[in-house]
Amino acid sequence: MREISVNRIRDEIEEMFIEANFHLPEDQIMALTEALKAEDSDIGREVIELLLKNAEIARLEKIPICQDTGIATVFLEIGQDVHFVDGSLEDAIYEGVRRAYKHGYLRGSCCDPMTRTNTGDNTPPIIHERIVLGDKVKIIAFPKGGGSENYSEVRVFTPADGIEGVKSFVVEMVAKGGPNPCPPITIGIGIGGNLESAPLLAKEALLISYGKRNPDLFLAKLEIEILTEVNKLGIGPQGYGGRITALDVHIKAMPCHIASFPVAVAIQCHAHRFKEKII
Amino acid sequence: MQNAKWIKTPLQDKVIENLRVGDKVFLSGRIFTARDAAHKRFMEILDRAGELPIKLSGEVIYYCGPTPSPPGKIIGACGPTTSSRMDSYTPRLLSMGLKGMIGKGKRSETVQKAIVENKAVYFAALGGAGALLSKFVVSSQIVAFEDLGPEAIFMLEVREMPLFVANDIYGGDLYVSGIEKYKIL
Ligand code: SF4
């Protein structure tokens with residue numbers, strides 16, 4: 001058994017959310033750089049160049065990449081041999097988020113759903129925990145923007161809707177979002193499970209590296225097919241028209257009930273920010 | 001497409017007449033931020049025949065909720081938010097003399113009609129380029145609704161802020177014409 005102080009988790013969370021908001025991951029820089037080469041539209045290329053410049057200014061001058069510094073989403077993989085000490089893990093995560101948004105001068109983007117009153121410190125975070133083998137803790141800090149979240153959805157299809165159902169669902173969502181989720185986007189698709197697991201799979205799919213295909217050949221092919229379809233829409237960078245509406249599509253799948261076919265689509269903007277760490 | 005134009009606020013009619021969808025514009029002068037909560041409050045004030053904290057005539061509203069300014073900085077990240085969420089409020093403000101809006105994404109038919117009728121213009125700013133856009137802000141000050149936090153009204157002085165004309169007075173829509181060109185059927 002390994003003891004880990006929750007204070008350490010708190011400090012890591014603070015640092016990771018600040019980092020995530022100032023440093024666009026290398027992967028995403030690479031995706032945008034490749035998009036710059038592939039884009040035909042002049043205005044589209046100009047947009048991508050400016051987005052890369054934006055990322056550089058953010059990194060060098062410590063200005064958030066985007067003013068929407070996101071709802072703080074935390075993925076935790078906790079080794080079953082870990083014993084947390086010095087207090088509540090959940091409180092520590094809340095405090096880490098609170099400190100990150102205060103000390104990093106990040107925008108509190110969280111409010112009461114009915115009164116719309118800002119909670120002031122960007123809490124509560126959304127926390128997903130999984131217990132795994134070992135004595136390590138993997139933390140992913142994922143500040144998720146609202147513009148792209150607004151075009152994400154889960155639907156429970158019937159088995160008869162099949163693969164065509166999935167494809168047209170994704171294309172429909174991307175077309176509906178148009179310029180609003182800040183393209184070029186990344187698309188995470190969760191297939192299977194049930195009502196609550198499909199969106200989680202879709203979110204996890206967003207965290208897969210750029211260009212990495214699903215190990216299942218059928219799903220790998222489906223990822224490419226959907227990417228090709230979506231990029232026929234012509235939405236392009238910022239929706240000003242162009243070839244590169246989406247940078248990549250990732251699918252995560254799991255078995256589901258014989259009667260249903262749940263599918264979730266998670267859309268992520270070009271400010272695809274997250275930070276991962278194993279302690 | 002892509003004729004660069006340097007313009008100043010408050011926007012004059014003759015300047016607006018000269019703008020076409022797809023033009024790249026460098027905007028200078030003062031603009032006011034307002035997003036969901038501020039718009040909602042504008043409507044509440046107008047409904048009870050009150051007076052808005054800012055005069056809209058000739059002005060430009062920027063749909064933006066910046067990050068807090070760190071010490072020594074004029075402003076934090078300050079990119080645009082999705083404009084369509086303001087669509088239901090916009091025609092009323094345009095009829096009161098609002099001349100320009102800056103945001104991201106497509107506007108409704110009703111807003112586009114109101115833009116034409118009231119001789120106004122809608123500019124697209126780069127969504128998610130909050131760090132870059134902050135470089136064009138030379139001063140920033142909260143002028144109303146401070147209690148709304150990031151949704152308060154900030155008066156910003158901008159210098160050569162890069163924008164694209166998205167809806168002009170001739171009924172053009174960048175989000176339609178741009179996409180048509182690259183759509184593969
Ligand atoms: S969708 Fe993403 S890039 Fe666009 S404003 Fe929201 S967080 Fe920023």
Side-chain angles (χ1 to χ4, degrees), chain A residues 21-22 40-44 46-47 50-51 53-69 101-102 104-109 111 116-118 120 145-148 150 177-183 231-243 245 269-271, chain B residues 1-2 21-22 24 33 35-37 40 64-71 73-85 103-107 124-135 147-152 162 164 166 173-185:
Chain A
N21 270 297
F22 295 126
D40 286 345
S41 118
D42 290 341
I43 198 168
E46 182 172 357
V47 164
L50 290 172
L51 296 180
K53 194 165 159 205
N54 181 63
E56 192 182 305
I57 294 174
R59 182 171 53 86
L60 296 176
E61 301 191 27
K62 287 207 171 301
I63 305 169
I65 296 161
C66 179
Q67 75 291 335
D68 182 351
T69 49
Y101 280 73
K102 184 162 188 268
Y105 295 92
L106 306 177
R107 193 184 78 180
S109 305
C111 70
R116 312 304 298 177
T117 308
N118 201 297
S148 48
N150 285 357
N180 295 349
C182 291
N231 282 339
K232 283 184 187 166
L233 288 170
I235 295 166
Q238 290 290 322
Y240 301 162
R243 303 268 175 242
T245 300
C269 52
H270 67 74
Chain B
M1 282 282 260
Q2 291 259 56
V21 156
K24 187 171 186 177
T33 69
R35 47 171 292 154
D36 308 60
K40 190 161 166 263
C64 170
T67 59
S69 327
K73 287 215 168 105
I74 296 164
I75 197 164
C78 55
T81 195
T82 302
S83 310
S84 60
R85 292 198 315 271
K104 67 167 166 114
K106 200 171 154 49
R107 309 307 303 263
L126 279 193
L132 177 80
L133 287 165
S134 75
K135 307 304 280 178
D147 60 302
L148 295 180
E151 299 205 57
F164 292 97
D173 185 352
L174 172 66
Y175 294 109
V176 171
S177 50
I179 291 170
E180 283 306 319
K181 264 212 265 176
Y182 292 94
K183 195 173 190 161
I184 302 170
L185 295 170

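Naming convention: chains lettered A, B, ... in sequence-line order (proteins, then strands); numbering from 1 in each chain. Treat the numbers as computed from the prediction; the structure is a model and nothing was measured.
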Part of B:Pro66 within contact of chain A (heavy atom distance under 4.5 Å)
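Answer is backbone: N, CA, C or O of B:Pro66 sit under 4.5 Å from chain A.
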
What part of B:Lys73 gets closer than 4.5 Å to chain A, counting heavy atoms only: side chain, backbone, both or neither?
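Contact with chain A involves the side chain of B:Lys73 alone.
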
For B:Thr81 and A:Asp68, what are the C-alpha separation, side-chain angles and deciding distance, and is it a side chain to side chain contact (heavy atoms under 4.5 Å, CB included)?
CA-CA 8 Å; B:Thr81 195; A:Asp68 182 351; over 6 Å; no

Winner by heavy-atom pair count (cut-off under 4.5 Å) against chain A, out of B:Ala37, B:Ser134, B:Ala124, B:Gly149:
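Among B:Ala37, B:Ser134, B:Ala124, B:Gly149, the one with the most close pairs to chain A is B:Ala124.
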
Between B:Ala166, B:Gly103, B:Gly65, B:Ser83, who has the most heavy-atom pairs with chain A when the cutoff is under 4.5 Å?
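When all of B:Ala166, B:Gly103, B:Gly65, B:Ser83 are compared, B:Gly65 has the most.
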
At a 4.5 Å cut-off on heavy atoms, which part of A:Leu50 comes close to chain B: side chain, backbone, both, or neither?
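When you check distances to chain B, atoms from both the backbone and side chain of A:Leu50 fall under 4.5 Å.
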
Side chain, backbone, both or neither: which part of A:Thr69 has an atom under 4.5 Å from a heavy atom of chain B?
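The side chain, not the backbone.
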
With rounding to the nearest 0.5 angstrom, report the CG to CD distance, A:Leu106 to A:Gln67.
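One finds 12.0 Å between CG of A:Leu106 and CD of A:Gln67.
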
Show the numbers, then the answer: is there a side chain to side chain contact (heavy atoms under 4.5 Å, CB included) between A:Asn180 and A:Asn150?
CA-CA 9 Å; A:Asn180 295 349; A:Asn150 285 357; over 6 Å; no

I'd like to know which of [options] tops the heavy-atom pair count under 4.5 Å against chain B.
options: A:Asp40, A:Asn21, A:Leu233, A:Asn118; result: A:Leu233
options: A:Arg116, A:Lys53, A:Glu61; result: A:Glu61
options: A:Gly239, A:Gly104, A:Ala58; result: A:Gly239
options: A:Gly242, A:Ala55, A:Gly178; result: A:Gly242

For B:Thr33, enumerate each residue passing the side chain to side chain donor-acceptor pair (under 3.5 Å) test, keeping only those at least two apart in sequence or located in another chain.
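For B:Thr33, no residue satisfies side chain to side chain donor-acceptor pair (under 3.5 Å) once neighbours in sequence are set aside.
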
Restricting to side chain to side chain donor-acceptor pair (under 3.5 Å), what partner residues turn up for B:Asp173, sequence neighbours left out?
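For B:Asp173, the residues satisfying side chain to side chain donor-acceptor pair (under 3.5 Å) (neighbours in sequence not counted) are B:Lys106, B:Gln112.
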
Side chains of B:Leu126 and B:Pro162: does their closest heavy-atom pair fall under 4.5 Å?
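Of all side-chain heavy-atom pairs linking B:Pro162 with B:Leu126, none is under 4.5 Å.
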
Check whether any side-chain heavy atom of A:Pro181 lies under 4.5 Å from a side-chain heavy atom of A:Cys269, and answer yes or no.
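No, too far: nothing below the 4.5 Å cut-off.
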
